[in-house]
Amino acid sequence: MGVRASGYLLPTLKDDPADAEAISHRLLVRGGFVRILGSGLYTYLPLGWRVMQRIAAILREEMDTIAMEVSMPVLQPASLWQETGRDGIPELFKLEDNSGKRYVLAMTHEEAFTYHAAREIRSYRELPQIWYQIQIKERDEPRPRSGILRTREFLMKDAYSFDRDEDGLDASYRRHIDVYRRIFERCGLQFWMVESDTGMMGGLGAHEFMAPSPSGEDRLVLCSNCDYAANLEVARSIPRPPQFPEPLDEPREVPTPGATTIEGLAEMLGVDPAATAKAMPVVAEGEVVLALVRGDQRLHEMKTRKALQTEFRPATPEEIRESFGADPGSIGPVGGRPARVIADDSLRDGQFVSGANRTGYHLLGVQAGRDFKAEFHDLREVTDGEHCPECQTGTLRVERAIEVGNIFKLGTKYSEPLRATYLDEGGNEHPIVMGSYGIGLARIMAAAVEQSHDEHGIVWPASIAPFDAHMVVIGGGGDPQVETAVAIEHELDADGVCVLVDDRDAGPGARFADAELIGAPARITVGKRTAADSTVDVQTRRGRTQETVPVSGVAAAVRKVLE
RNA sequence: CGGGGCGUGGCGCAGCCUGGUAGCGCACCCGGCUGGGGGCCGGGCGGUCGCAGGUUCAAAUCCUGCCGCCCCGACCA
């Protein structure tokens, strides 16, 4: 059913809110879709809630093809989280009831789903199963940001699969991939499924669904040629081959006064920066570790953390002098006494220039294996223009993206501590093999705005627009076109087209501007210019093409726009 | 947690440096006009200047502390 704008809560703003940076944040606040209640806490006004409900409807339709919807509490006993050891997570909200009993606010629902699976599932005959819900999550985010993109409370579709073994999990995982693709396609998003990090805890595999957008917090690596796509955190690449000078039989020390940066060094010695080794001394668990990447590369923090299996920090100048006997800028892997040397794979072959561990000197012709020993890992950050690790020929580009969904093979990480087991054909007990699958509704909403807007406002994908059509009735009370508008409203209602009728007593310009800001796919203009010959103008929001149609054909014209 | 910025009517902002009557635009209310791109005229309502303390004859303005919000980074199970 359509609604009348007069009497509807439609608080559009003429100016951008002062504190909004991201496009989606600006347009959703200006358009009267959302309002802030506190840091990272957003209220959905009628317009915004309609969009969320449409997204939820798509999620339900698609999820219902593979899963059963349930609903579990957000307020949960802290003891449940003690069993999985997750009660110490800093982002977990903790509270007490009046008797002092401890509770948490769920940041995700693995514990609750596994708790029930442990009690209700007993036999292999009952597997596999997939359960899902659309429920609030609470996370004490250290830094909420970008409007509804990262909030402390948010709605999430979360699903959990229960299988008897890894093959079963693989099947459940693949079913989710298919369903997720359909969901994001139906929501009108441009998206990529990418390999993602399984985190410090390990895990059997994970993928993320990424919607490219400059406001996104994640970075995505894409190939120009094949379908390789990965989160920057795990992306691989083929770096360009360095131009090596003539090889030396042993390293040769050369003076390099004042050259403490790669650019300065490469220029002074006339070598390719890619033929130098950049030394990044870090401290991990109290020991100095030398991390090496090529001079033209950047050390990727998360990859380094993974290689070290622990947190680390940059070494201080004092620690560097102590371990290497030279100032920062002149250190390298030959000599010195770091506890470990880890090096990027690209340094495995060839001879590089590195610091000589003598202030103001570097070594030419330093070769891994011959001159120093190192553990090799993927440590470098992928950059634009490098070659694709899959097809070898394509070039890679790095883009920002919003993580709209993720899928994760949990294995028995939760079923073991919570004793969610089943009995197989032989009566043997096994832990249930689980997967978890999330989609952020607000992130879909924000990503849609980020990907589809113009200088006038939002251009909603038809599938999640708050209204199918926005009818602007020009003129006031006694004008004859008002009757025409009412007739059209009834026709659209009968035809199942959801229309917002702007019958407010404002000037036409202001109302056209609001229509564009709000972004319904079709705009119907009823004025005396056209009403006289029983026609109206129907304009598409996307591209703003306009046609004049007879009043009797409005519903059909709008349907055509919605296609 | 580190760095930066901002807090003055519902919204966007000026005033602060150089202390002395709290101001502008929009929105809102009343009346009228207007009616295909944020229109016009007239009349109104609305602010303990984030909070607390201090300096001063006098504080939005200077000082101290706190709180809140935004941005960058760290973090993001």
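Here is the naming used below: chain letters follow the sequence lines, and residue numbers restart at 1 for every chain.
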Measure from the side chain of [X], starting at C-beta and using heavy atoms only, and say which of [options] lies closest.
{"X": "Thr525(A)", "options": "U34(B), G36(B), A77(B)", "value": "G36(B)"}
{"X": "Arg150(A)", "options": "A77(B), G35(B), C76(B)", "value": "C76(B)"}
{"X": "Phe512(A)", "options": "G38(B), A77(B), G36(B)", "value": "G36(B)"}
{"X": "Arg305(A)", "options": "G73(B), C76(B), G38(B)", "value": "C76(B)"}
{"X": "Lys14(A)", "options": "G37(B), C26(B), C75(B)", "value": "C26(B)"}
{"X": "Ile474(A)", "options": "G38(B), G73(B), G35(B)", "value": "G35(B)"}

Partner of [N] by Watson-Crick or G-U wobble geometry, both contacts under 3.5 Å, or none?
{"N": "A58(B)", "answer": "none"}
{"N": "C1(B)", "answer": "G73(B)"}
{"N": "A22(B)", "answer": "none"}
{"N": "C28(B)", "answer": "G44(B)"}
{"N": "C6(B)", "answer": "G68(B)"}

Looking only at heavy atoms, the pair that brings Ile136(A) and Val74(A) closest together is O-CG2, 3.5 Å
So, for Ala230(A) and Val194(A), which heavy atoms are closest and what is the spacing to 0.1 Å?
CA-CB, 3.6 Å
Does Arg313(A) pair with Glu319(A) as a salt bridge, N-O distance under 4.0 Å?
yes
Any Lys/Arg nitrogen of Asp454(A) or Arg542(A) sitting under 4.0 Å from an Asp/Glu carboxylate oxygen of the other?
no
What interatomic distance, in whole Å, is found between [atom1] of [M] and the corresponding atom of [N]?
{"N": "A14(B)", "M": "G23(B)", "atom1": "C1'", "value": "8 Å"}
{"N": "G47(B)", "M": "C13(B)", "atom1": "C1'", "value": "15 Å"}
{"N": "G42(B)", "M": "U61(B)", "atom1": "C1'", "value": "36 Å"}
{"N": "C51(B)", "M": "C11(B)", "atom1": "P", "value": "15 Å"}
{"N": "A52(B)", "M": "A60(B)", "atom1": "C1'", "value": "16 Å"}
{"N": "A77(B)", "M": "G4(B)", "atom1": "P", "value": "29 Å"}
{"N": "C67(B)", "M": "G20(B)", "atom1": "P", "value": "30 Å"}
{"N": "G54(B)", "M": "G10(B)", "atom1": "C1'", "value": "33 Å"}

Atom CZ of Arg26(A) and atom P of C11(B) are separated, to the nearest Å, by 19 Å
Nucleotides 67-72 of chain B: protein proximity per nucleotide (B base, S sugar-phosphate only, - neither; heavy atom, under 4.0 Å):
--SSSB
Which part of the nucleic acid, if any, lies within reach of [X] when heavy atoms closer than 4.0 Å are counted: base, sugar-phosphate only, or nothing?
{"X": "Ile89(A)", "result": "base"}
{"X": "Glu301(A)", "result": "sugar-phosphate"}
{"X": "Arg35(A)", "result": "nothing"}

Does Arg119(A) make a cation-pi contact with Tyr115(A), if we ask for NZ or CZ under 6.0 Å from the ring centre and within 45° of the axis?
yes
Under-4.0 Å side-chain N/O to phosphate OP1/OP2 contact, Arg529(A) with G35(B)
no
Starting from the 5' end of RNA chain B, give me the residue, Tyr414(A) or Arg504(A), whose nearest nucleotide shows up first.
Arg504(A)
Nearest-nucleotide comparison on RNA chain B, the residue closer to the 5′ end among Gly88(A) and Asp537(A):
Asp537(A)
Matching residue for Phe33(A) among Trp49(A), Tyr44(A), Trp460(A), Tyr42(A) - test: ring pair (Phe, Tyr, Trp, His ring centres under 6.0 Å):
Trp460(A)
